[in-house]
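What follows is a set of notes on a single structure, which appears directly below.
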Amino acid sequence: MNPWILWSALSHTARLSTALQILLFLPLTLATLSTQAFLLLSLLLSIHSLIHGTLILLWGSNALSIMQVPMHPFLLLVTFNAFSQSAQPWLATAVYWWGKLLTFCGPSYVAMEGLSSLLFAQKAGQIGRGIADEAESYQFVILILTAAAFVAAAWWVVIAYPAAAASPLSSTLLGVALTAFLFLVLIGFRLRRTNVVEASLLALFLAYNVWLCGFDQTSFSDPASSYAPLLSNILPHLQTLVNFITNTLPKPVLVALLYRLSILQVASRILPTIGADNWESDQEELDGRPTSIMTRILLTYRQLIFVMVYSHLLLLDPSSQVWWRWANIMFTLFLWAVELVVSPDGDDDSAKWKID
């Protein structure tokens, strides 16, 4: 077997193991110990991720992915040992301020998710416009796909409406969001500053957030009640682990985490292409652009972002998650409205990055 293939498989397996460990260890600590212990583990994982990202930036070896695998169980054991008795005052102070930092960073996570979603929709609209210009058959296929996306988004909103509009304020916010979206679509079409691909993807984004606002919070049990002490018998041990994974890991948090990290990853790939001229082909010149530098930083420290975003989502109670969702919807629609107003007309050459 080719050594490169074997090494690549080991590296990818190590990355997957790291992600699964973080996904499991954080809610496990929150369920079995306390919020302070959870914050300590989150802090330790963040410090480790910061060091790991810096080493990747300086060294860049795939061996780092394999070498870090044992660190997460070790940090979990350190956390359990630290809270096996009364925690030290300095430790309680550190985790308190770490929790405050995660809370203060909440608006930035919402802003990045909304901005990245809008950026992805606009880039997809640009690509769709380019494909549609190649042949009429492509235009027909794109129209069918976007129509299906609009129908799916409408069905999604209708299905989620009873739970998402459970209170008068929630139903009012839903009405405002849908009305604003329809007006922005009409304005964008009238001014030729958007297209059906972009509008359909934003419709799906709106429906996704409305669905999360009405996600059935009773579909998973309380983390503290789903844990049972480990027994010497292996069968009850495995049953306890399965029950923990299926009942404790909060489904809305996992869905929101997956979407948020995925859209940030996609946006980081799109950023270097914004503002780049078609003749700008010098790779060194592209690498020196501010957006390319930002992309490199985001990708290098993506594990740190993963830990912080996941920790923040786990700290939120269901009602807080709902209001952050509404804030995300309104902020994204506001960004889109500003973009439609300040963008040049569709006939302007400077608008070609988006619609041509």
Side-chain angles (χ1 to χ4, degrees), residues 110-136 138-158 160-161 164 172-213 259 262-264 266-267 269-271 273-276 278 291 325-356:
V110 173
M112 286 192 297
E113 179 180 335
L115 182 60
S116 300
S117 300
L118 180 61
L119 190 62
F120 169 72
Q122 292 180 338
K123 185 64 177 180
Q126 177 196 10
I127 295 174
R129 179 64 180 265
I131 295 175
D133 288 341
E134 294 182 3
E136 292 186 358
Y138 292 159
Q139 297 179 12
F140 183 70
V141 172
I142 290 176
L143 286 176
I144 292 177
L145 293 177
T146 53
F150 277 118
V151 172
W155 174 83
W156 209 353
V157 171
V158 171
Y161 177 82
T172 301
L173 291 174
L174 178 57
V176 170
L178 293 177
T179 304
F181 173 75
L182 291 176
F183 271 101
L184 289 176
V185 170
L186 294 176
I187 292 172
F189 286 162
R190 176 64 181 84
L191 298 178
R192 298 191 68 248
R193 295 176 182 177
T194 188
N195 55 46
V196 291
V197 176
E198 178 182 340
S200 63
L201 290 177
L202 288 175
L204 288 174
F205 170 78
L206 176 62
Y208 156 76
N209 281 278
V210 171
W211 172 71
L212 277 184
C213 289
Y259 176 80
S262 300
I263 201 66
L264 286 174
V266 173
R269 302 292 187 180
I270 298 175
L271 277 175
T273 66
I274 296 180
N278 292 332
T291 50
R325 282 293 138 197
W326 287 120
N328 193 5
I329 292 173
M330 298 304 172
F331 177 74
T332 305
L333 291 177
F334 173 76
L335 281 181
W336 195 30
V338 172
E339 194 273 336
L340 290 177
V341 171
V342 302
S343 293
D345 293 335
D347 296 330
D348 196 314
D349 289 339
S350 59
K352 288 186 176 182
W353 84 271
K354 178 182 174 186
I355 65 170
D356 197 17

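Numbering of residues begins at 1 and proceeds along the displayed sequence. Scope of the values below: all heavy atoms of this structure, side chains included, with no hydrogens, waters or symmetry mates.
Looking at E198, its side chain never comes within 3.5 Å of a backbone N or O of A121 through a donor-acceptor pair.
With rounding to the nearest 0.5 angstrom, the CD atom of Q139 is 11.5 Å from the CD1 atom of I131. Interatomic distance, I270 CD1 to I127 CD1, rounded to the nearest 0.5 Å: 7.0 Å. Between the CE atom of M112 and the CG atom of L119 there is a distance of 13.5 Å, given to the nearest 0.5 Å. Note: N195 CG to Q126 CD = 10.0 Å, rounded to the nearest 0.5 Å. Taken to the nearest 0.5 Å, the CG atom of L191 stands 11.0 Å off from the CG atom of L186. Separation of atoms CG (L118) and CZ (F331) is listed at 9.5 Å; rounding is to 0.5 Å.
More than 12 heavy atoms of other shown residues, nucleotides or ligands fall within 6.0 angstrom of atom CD in E134. Residue F189 places its CZ atom among more than 12 non-hydrogen atoms of other residues, nucleotides or ligands, all under 6.0 Å distant.
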(message) One pair to check against side-chain contact (heavy atoms from CB on, under 4.5 Å): F205 and I263. What are the steps and the verdict?
(response) CA-CA 11 Å; F205 170 78; I263 201 66; over 6 Å; no
(request) Before giving the answer on side-chain contact (heavy atoms from CB on, under 4.5 Å), spell out for N328 and T332 the whole-Å C-alpha distance, their side-chain angles and the decisive distance to 0.1 Å. (result) CA-CA 6 Å; N328 193 5; T332 305; 3.4 Å; yes
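Considering every non-hydrogen atom in both A199 and V185, the closest pair reads CB-CG2, 4.1 Å. For the pair L184 and L333, the tightest heavy-atom approach, listed with the atom from each and the gap, is CD1-O, 3.5 Å. Here the closest heavy-atom approach between residue S200 and residue F150 is recorded as N-CZ, 3.6 Å.
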Between side-chain atoms of residues 172-183 and protein atoms elsewhere (two or more places apart, or another chain), which donor-acceptor pairs fall under 3.5 Å?
{"unit_1": "T172", "atom_1": "OG1", "unit_2": "P168", "atom_2": "O", "d": "2.8"}
{"unit_1": "T179", "atom_1": "OG1", "unit_2": "G175", "atom_2": "O", "d": "2.7"}

Return a table of donor-acceptor pairs under 3.5 angstrom between the side chains of residues 142-149 and protein atoms on other chains or two or more places apart.
{"unit_1": "T146", "atom_1": "OG1", "unit_2": "I142", "atom_2": "O", "d": "2.9"}
{"unit_1": "T146", "atom_1": "OG1", "unit_2": "L143", "atom_2": "O", "d": "3.0"}

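No side-chain heavy atom of Y161 sits less than 4.5 Å from a side-chain heavy atom of V210.
For Y208, the side chain to side chain contact (heavy atoms under 4.5 Å, CB included) partners are E113, W156, W211, L212, V255, A256, Y259, R325, not counting sequence neighbours.
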